[in-house]
Colleague: 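Below are the structure tokens for one structure; questions will follow.
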Amino acid sequence: MIPVLLRDAVHDDIPAIADILMRSSRLAYAFMPLNHSDDDFAGFVRASFDEWDAARIAQARCGPVGFHCLCQDVVDQLFVAPEVQRRGIGSTLLRDVMALRTTGFTLRTFRANRAARAFYEAHGLVAIDFGRSEEENEPDVTYRWNPASLT
């Protein structure tokens, strides 16, 4: 387990967020072509940053190693840098989302992203809908975390 401090993201974190998003996406989505340049990832984060209700960074001694971003009750992004995955950072980020959205939340991932699906299911999220992503036209799945169903 790598110790991290969670903190609110600031505009100066945009390059780090974009870098983690880019590297993690290229690893997680190896099952499909990603037609996004490095600049596309940076542009997406710059354009989205002020739209997110909350953006949180997992900060390790070496710098940012993960992040999550929320839009109301939807987890828009949750990624951990590839070199530190499977060391508790994703769980820490997801618990932070649960603390911020105590009435529940949803998120989407690609159906072929088996690692993410297993991670979310292990943390109590339940698949509630199967569809296709708009941009990539890939099969996806919507998950819901409902704390009321845990009691």
Colleague: Name each donor-acceptor pair under 3.5 Å that joins a side chain in residues 86-94 to protein atoms two or more places apart or in another chain, with its distance.
Modeller:
unit_1: Ser91; atom_1: OG; unit_2: His123; atom_2: NE2; d: 2.9
unit_1: Thr92; atom_1: OG1; unit_2: Gly88; atom_2: O; d: 2.9
unit_1: Thr92; atom_1: OG1; unit_2: Arg95; atom_2: NH2; d: 3.3

Colleague: Could you state the interatomic distance from CD (Gln85) to CD1 (Ile2), rounded to the nearest 0.5 Å?
Modeller: 10.5 Å
Colleague: Below 4.5 Å, heavy atoms only, C-beta onward: do Val141 and Asp129 meet side chain to side chain?
Modeller: no
Colleague: Does the side chain of Arg111 reach to within under 4.5 Å of the side chain of Arg117, using non-hydrogen atoms?
Modeller: yes
Colleague: How about Leu107 and Tyr120: do any of their side-chain heavy atoms sit closer than 4.5 Å?
Modeller: yes
Colleague: Hey, could you give me each pair passing ring pair (Phe, Tyr, Trp, His ring centres under 6.0 Å) that has a residue in residues 80-104? Not counting sequence neighbours.
Modeller: none
Colleague: For Thr102, what residues pass the side-chain contact (heavy atoms from CB on, under 4.5 Å) criterion, not counting sequence neighbours?
Modeller: none
Colleague: Can you tell me how far the CG atom of Asp39 sits from the CE atom of Met22, to the nearest 0.5 Å?
Modeller: 10.0 Å
Colleague: Say you draw a straight line from CZ of Phe105 to CH2 of Trp145; how long is it, rounded to the nearest 0.5 Å?
Modeller: 6.0 Å
Colleague: By salt bridge (Lys or Arg N to Asp or Glu O under 4.0 Å), which residues pair with Asp38, not counting sequence neighbours?
Modeller: Arg26
Colleague: Please table the atom pairs, donor to acceptor, closer than 3.5 Å between any side-chain atom in residues 7-18 and protein atoms at least two apart or in another chain.
Modeller:
unit_1: Arg7; atom_1: NE; unit_2: Gln59; atom_2: OE1; d: 3.2
unit_1: Arg7; atom_1: NH1; unit_2: Asp13; atom_2: OD2; d: 2.7
unit_1: Arg7; atom_1: NH2; unit_2: Asp13; atom_2: OD1; d: 2.8
unit_1: Arg7; atom_1: NH2; unit_2: Gln59; atom_2: OE1; d: 2.9
unit_1: Asp8; atom_1: OD1; unit_2: Arg56; atom_2: NH1; d: 3.1
unit_1: His11; atom_1: NE2; unit_2: Asp50; atom_2: OD1; d: 3.0
unit_1: Asp13; atom_1: OD2; unit_2: Val10; atom_2: N; d: 2.8

Colleague: Membership question, hydrophobic clusters at under 4.5 Å side-chain separation (ILVMFWY): are Leu21 and Phe31 in the same one?
Modeller: yes
Colleague: Should Phe44 and Met32 be regarded as members of a common hydrophobic cluster, given that ILVMFWY residues are connected when their side-chain heavy atoms come within less than 4.5 Å of each other, either directly or indirectly?
Modeller: yes
Colleague: I need the minimum non-hydrogen distance between Gly104 and Arg144, along with the two atoms involved.
Modeller: C-NH1, 3.5 Å
Colleague: Kindly write out the residues that satisfy side-chain contact (heavy atoms from CB on, under 4.5 Å) with Ala30, not counting sequence neighbours, or none if the list is empty.
Modeller: none
Colleague: Name all residues meeting the side chain to side chain donor-acceptor pair (under 3.5 Å) criterion together with Glu135; count only those two or more places apart in sequence or in a different chain, and write none if there are none.
Modeller: His36
Colleague: Between atom OG of Ser25 and atom CD1 of Ile20, what is the distance when rounded to the nearest 0.5 Å?
Modeller: 11.0 Å
Colleague: Please name all residues satisfying side-chain contact (heavy atoms from CB on, under 4.5 Å) with Pro3, sequence neighbours left out, ordered by chain then number.
Modeller: none
Colleague: Short question: side chain of Ser48, backbone of Glu51 - any donor-acceptor pair under 3.5 Å?
Modeller: no
Colleague: Taking only distance into account, with no hydrogens and no angle test, what donor-acceptor pairs under 3.5 Å do side-chain atoms of residues 63-78 form with protein atoms, sequence neighbours excluded?
Modeller:
unit_1: His68; atom_1: NE2; unit_2: Asp96; atom_2: OD2; d: 2.8
unit_1: Asp76; atom_1: OD2; unit_2: Trp52; atom_2: NE1; d: 2.7

Colleague: For Thr106, what residues pass the side chain to side chain donor-acceptor pair (under 3.5 Å) criterion, not counting sequence neighbours?
Modeller: none
Colleague: Classify the ring geometry of Phe79 against Tyr29: parallel below 30°, tilted from 30° to 60°, perpendicular beyond 60°.
Modeller: perpendicular
Colleague: Going by the rule side-chain contact (heavy atoms from CB on, under 4.5 Å), which residues pair with Glu83 if we only count those two or more places apart in sequence or in a different chain?
Modeller: Arg23, Ala81
Colleague: Check side chain to side chain donor-acceptor pair (under 3.5 Å) between Glu136 and all other residues, then give those that pass, not counting sequence neighbours.
Modeller: Ser133
